[in-house]
Structure formats: C-alpha cells, structure tokens
Protein chains: 2
Amino acid sequence: MSTVKYAEVVSLKHATLGLLSFGPASGYDLLQTFGESLANVWPATQSQLYGELGKLADAGLVTVAAEGPRGRKEYSITDEGMAELRHWLGETKPAPTRRSEMLLRVFFLGLLTPEQAEAYLHDRAAAATEMRAGMLEIDKQLEPQDGDLVVYGRLALEWALRYSVMQREWADWAVEELRRARKEE
Amino acid sequence: MSTVKYAEVVSLKHATLGLLSFGPASGYDLLQTFGESLANVWPATQSQLYGELGKLADAGLVTVAAEGPRGRKEYSITDEGMAELRHWLGETKPAPTRRSEMLLRVFFLGLLTPEQAEAYLHDRAAAATEMRAGMLEIDKQLEPQDGDLVVYGRLALEWALRYSVMQREWADWAVEELRRARKEE
DNA sequence: AGATGCATGTAACCAGTTACATGATTTA
DNA sequence: TAAATCATGTAACTGGTTACATGCATCT
C-alpha cells in the first residue's frame with residue numbers, strides 16, 4: 001500500500017487486474033494467458049509482468065493470497081483493485097491507436113519500383129489472408145468453450161476477422177489504384 | 001559518421017529519412033509534417049525528432065546541408081541514408097500491429113452492467129463515425145493537391161476510411177450480439 | 001516595444017524488450 | 001538421474017512522452 005505513482009493510461013496494469021478479476025493466479029499463470037488469449041491485444045513479457053505484479057501489490061490493488069511450492073505466489077485482486085478496474089472500464093476512454101508501420105511505408109512507396117510497390121501491397125493482402133486463417137483456427141478451438149473471457153474474446157475475434165477482410169480488400173484496391181495512376185501519366 | 005548503434009525495427013528513423021527523401025528540411029519543418037500528414041500513422045514529438053536528427057547525422061545517414069537564421073539547420077539525406085531507406089522499404093517487413101486498448105477493454109466488459117457495456121460499444125461506433133468525418137475532411141483538403149506524399153497519403157486515407165466503417169459496423173454488430181447472448185440465458 | 005512564430009536543445013520519467021540468472025519440483 | 005516444466009527475479013537498453021529552458025527574427 002501505496003505511495004506508488006502510476007502515469008495515467010497504462011494498460012498492462014488494467015490487463016493484469018482484469019485477468020485477476022476472473023480469479024487468483026500466479027505470475028506464471030498469467031503469463032500463459034497473456035501468451036494465449038491476450039497475445040493479440042496486449043502482449044506482455046515475463047519480466048514486465050513480474051514487475052507489474054510487484055507494483056500492483058505495493059499499490060494495494062492485489063495481494064499475495066497464497067504461496068505454493070517453488071516460491072509460487074498466488075495473487076488476488078483486492079477491493080481497491082476491483083474499484084480501480086471498474087473505474088478504468090466505465091469512466092475512462094481508450095486512447096485511439098495511432099502508429100502503423102504498415103501505413104508509414106505506404107507514404108514512401110514512390111521510392112520503390114512499381115513492381116516492388118505492388119509486391120508490398122500483395123504481401124499485405126497475403127498477410128491479411130493468413131491472419132484471417134489463424135483467427136478462424138482460434139475460433140474453432142474456442143467453439144465448445146464458454147466463460148466470460150471466451151464470450152467477450154469472441155467479440156474481439158470477430159473484430160480481427162473483419163479487420164483482416166478489410167485489410168485484404170484495401171490492399172487489392174490499392175494495387176488497382178496505383179496501376180490506374182500509372183496509366184494516367 | 002558512424003559507430004552509432006540502432007536497434008533493428010525502429011521506424012522514427014525511417015519516417016524521418018522518408019520525409020527527407022522528398023527534399024531538405026529542418027527539424028522544425030519536419031515537425032510540421034509529422035503534425036499534419038504523418039500525425040495518424042507515426043506521430044513524433046519535438047524532443048524525439050531533434051534527438052533523432054542528431055543520431056541520424058552521427059550515423060552519416062543525413063547531413064546538415066545549410067544553416068539559416070535562428071540557428072536553423074537544414075538536413076539533407078545522404079546516399080547512405082537513401083540506401084538504408086530503400087533497404088527498409090524493399091527488404092524488410094512491417095511488424096504487425098498488436099496492442100489494442102479498445103479490444104483489451106472488450107475482454108472485461110462482463111464486469112460492467114449490460115447498459116455500461118452497450119454504452120462502451122456505442123461510443124466506439126460514434127468514435128468511428130467521427131474519425132470517418134475527420135478523414136473525409138482531410139480528403140477534401142487534399143483533393144486539389146498532388147505530389148508523391150499526397151498520392152500515397154491518399155492510399156493511407158482510404159485505409160482509414162475503410163477502417164472506420166469496419167469499426168462502426170463491428171460495434172453495432174457487437175451490441176446486437178450481446179443482447180442476443182443475454183436473451184439466451 | 002511587444003507579441004507571435006521560428007528554432008533548437010535537455011532532463012526526468014515511463015513502458016517495453018532482451019538477456020541473464022537462479023533454483024525447485026515433477027515426470028520419464 | 002536427467003530432462004522438462006514450474007517459478008521468480010534483475011540488469012541493461014531502447015523508444016517515447018512531458019516538461020523545462022533558451023533565444024533570435026519578424027510583424028504590427
């Protein structure tokens with residue numbers, strides 16, 4: 001408990017609290033979840049997670065509820081932690097994502113040959129198709145399960161499916177657009 | 001020139017080199033561009049940019065081609081810099097974007113009341129609509145212009161337009177999906 | 001003469017990644 | 001008993017943000 005300062009808008013904190021809201025877990029356990037369900041929305045490394053759990057404990061948002069073999073520490077979310085999580089979810093807005101390396105490159109496509117530029121866009125389309133296949137795979141594995149993480153995870157999955165379609169269609173469109181522009185000259 | 005080490009995959013470096021590939025500019029000039037055209041794909045702060053220009057100069061990828069009033073330094077991209085830029089564009093792949101605070105929150109929507117969860121999704125739809133309006137505004141201003149940055153910028157803009165539509169449709173779908181799920185119980 | 005805009009730089013801090021380091025328990 | 005897995009932690013470094021600091025040139 002608590003003089004620890006957090007910058008506003010830090011989401012590893014909330015991702016961690018969120019996972020602990022489903023039940024107690026150790027850093028090791030959480031790491032699995034970050035590697036599975038949350039891998040595509042909020043990846044976290046091992047060293048980051050252990051550090052975060054330490055900070056959350058110092059801040060009184062989680063506690064070590066039990067200790068197990070091999071130094072295992074099982075963390076539970078506290079009332080304070082739940083309050084903070086609910087506050088974040090209900091009363092703050094997500095920061096819009098900016099920064100897209102994929103689009104940054106688009107701005108400089110004029111430096112490449114037309115063939116190279118086209119290849120870039122084809123690769124984006126292919127990557128989107130591949131992403132879609134991966135997501136459908138996950139969907140299949142999720143099918144029989146339920147539980148909150150899965151129910152809401154499916155909403156996120158649908159987002160990813162739509163995203164990948166959009167990206168593929170855009171890339172195909174962009175190829176045509178560049179061809180059209182070249183002809184016009 | 002040069003013993004300066006760069007980590008792989010750093011895009012402010014390439015964003016800066018890319019802008020300088022269109023012609024010489026000062027840090028101040030570039031800052032305007034980062035605040036306008038690149039604001040939505042690769043924002044950069046003033047302090048970051050000046051630091052980056054220093055590092056690029058140390059690495060021999062840019063040079064101070066001219067000095068003006070008020071200590072103005074006009075940077076030019078060097079042959080080495082152009083080579084690096086072309087290498088990045090043509091021979092490396094963009095890292096897929098992960099991390100979406102918007103989707104992270106979706107995973108924890110079960111902690112809110114159904115009304116709050118719906119409100120969240122409605123807000124996403126509204127934000128997407130607003131984003132779309134902003135992009136159409138930019139499109140209008142871009143209309144009469146040309147030049148490489150604008151031509152390719154339009155491809156990026158189209159991406160953003162399609163993205164905002166996708167997001168709105170997804171959010172609307174998700175609202176219905178949650179209602180459906182609640183009824184089923 | 002004063003406001004605005006041009007122009008650069010530095011310091012402190014936070015978030016995230018990679019690599020290193022260690023050791024206990026279980027299973028084959 | 002050796003390998004795999006469980007389990008935690010620390011150090012060094014990079015990239016990014018915010019805030020501070022300074023000063024010259026132009027325009028009214």
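Note that these values count all heavy atoms, side chains included, but never hydrogens, waters or copies made by symmetry.
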> Looking at residues at least two apart in the chain, or sitting in another chain, which of them share a salt bridge (Lys or Arg N to Asp or Glu O under 4.0 Å) with Arg179(A)?
Replying inline: Glu118(A), Glu176(A)
> Between Tyr28(A) and Lys73(A), is there a donor-acceptor pair closer than 3.5 Å when you use the side chain of the first and the backbone of the second?
Replying inline: no
> Taking atom C1' of dT17(C) as reference, at what distance in whole Å does atom CZ of Phe34(A) sit?
Replying inline: 15 Å
>> Going by side chain to side chain donor-acceptor pair (under 3.5 Å), name the residues that satisfy it together with Ser47(B), two or more places apart in sequence or in a different chain.
In response: none
>> salt bridge (charged side-chain N to carboxylate O under 4.0 Å, His left out) for Lys140(A) and Glu143(A)? Distances and angles first, verdict last.
In response: CA-CA 5 Å; Lys140(A) 219 189 289 175; Glu143(A) 203 86 322; over 6 Å; no
Using the 3.5 Å cut-off, write out each protein N or O paired with an N or O of nucleotides 21-28 of chain D and the distance between them.
residue, atom, partner, partner atom, Å
dA25(D), O4', Arg70(B), NE, 3.4

> Rounded to the Å, how far apart are Asp29(B) CG and dC6(C) C1'?
Replying inline: 10 Å
> Who are the salt bridge (Lys or Arg N to Asp or Glu O under 4.0 Å) partners of Arg162(B), not counting sequence neighbours?
Replying inline: Glu158(B)
> What integer distance in Å separates Glu52(B):CD from dT14(D):P?
Replying inline: 12 Å
Write down the protein N/O and nucleotide N/O pairs, taken from nucleotides 1-3 of chain C, whose separation is under 3.5 Å; answer none if there are no such pairs.
none

>> Expressed as a whole number of angstroms, how long is the span from Leu49(A):CG to dC6(D):P?
In response: 16 Å
> Does any pair with a residue in residues 34-47 of chain B pass salt bridge (charged side-chain N to carboxylate O under 4.0 Å, His left out), and if so which ones, sequence neighbours excluded?
Replying inline: none
>> Classify Arg98(B) by what it touches in the nucleic acid, base, sugar-phosphate, or nothing, heavy-atom distance under 4.0 Å.
In response: nothing
> Where the side chain of Tyr28(A) is concerned, which of dG16(C), dG5(C), dT8(D) is the nearest nucleotide?
Replying inline: dT8(D)
> Separation of Leu12(A) atom CG from dG16(C) atom P, in whole Å?
Replying inline: 6 Å
>> Do Leu136(A) and Val165(A) land in one hydrophobic cluster if side-chain heavy atoms of ILVMFWY residues count as linked below 4.5 Å?
In response: no
> Is the distance from OP1 or OP2 of dA15(C) to the nearest side-chain N or O of Lys13(A) less than 4.0 Å?
Replying inline: no
>> For Pro114(B), give me all partners under side chain to side chain contact (heavy atoms under 4.5 Å, CB included), at least two apart in sequence or on another chain.
In response: Arg182(B)
>> Can you measure Leu56(A) atom CG to dA15(C) atom P for me and round it to whole angstrom units?
In response: 11 Å
> Can you name the residues that form a salt bridge (Lys or Arg N to Asp or Glu O under 4.0 Å) with Asp172(A), not counting sequence neighbours?
Replying inline: none
>> In this structure, how many angstroms lie between the P atom of dG16(C) and the CG atom of Leu53(A), rounded?
In response: 14 Å
>> Run the side chain to side chain contact (heavy atoms under 4.5 Å, CB included) test against Tyr163(A) and tell me which residues pass, sequence neighbours left out.
In response: Met131(A), Trp159(A), Gln167(A), Trp159(B), Tyr163(B), Met166(B)
>> Can you say whether a donor on the side chain of Ser47(A) sits under 3.5 Å from an acceptor on the base of dT18(C), or the other way round?
In response: yes
> Which nucleotide, dT17(D), dA7(D), dT17(C), lies nearest any side-chain atom of Gln48(A)?
Replying inline: dT17(C)
> How would you label the contact of Ser26(B) with the nucleic acid (heavy atoms, under 4.0 Å): base, sugar-phosphate, or nothing?
Replying inline: sugar-phosphate
> Do the side-chain N or O atoms of Tyr50(A) get closer than 4.0 angstrom to the phosphate oxygens (OP1, OP2) of dT8(D)?
Replying inline: yes
>> Between Lys55(A) and dC14(C), is there a contact of a side-chain N or O with OP1 or OP2 at under 4.0 Å?
In response: no
> Can you check the Gln32(A) CD to dC6(D) C1' distance for me, whole Å?
Replying inline: 9 Å
>> Does dG23(C) have OP1 or OP2 under 4.0 Å away from a side-chain N or O of Arg72(A)?
In response: no
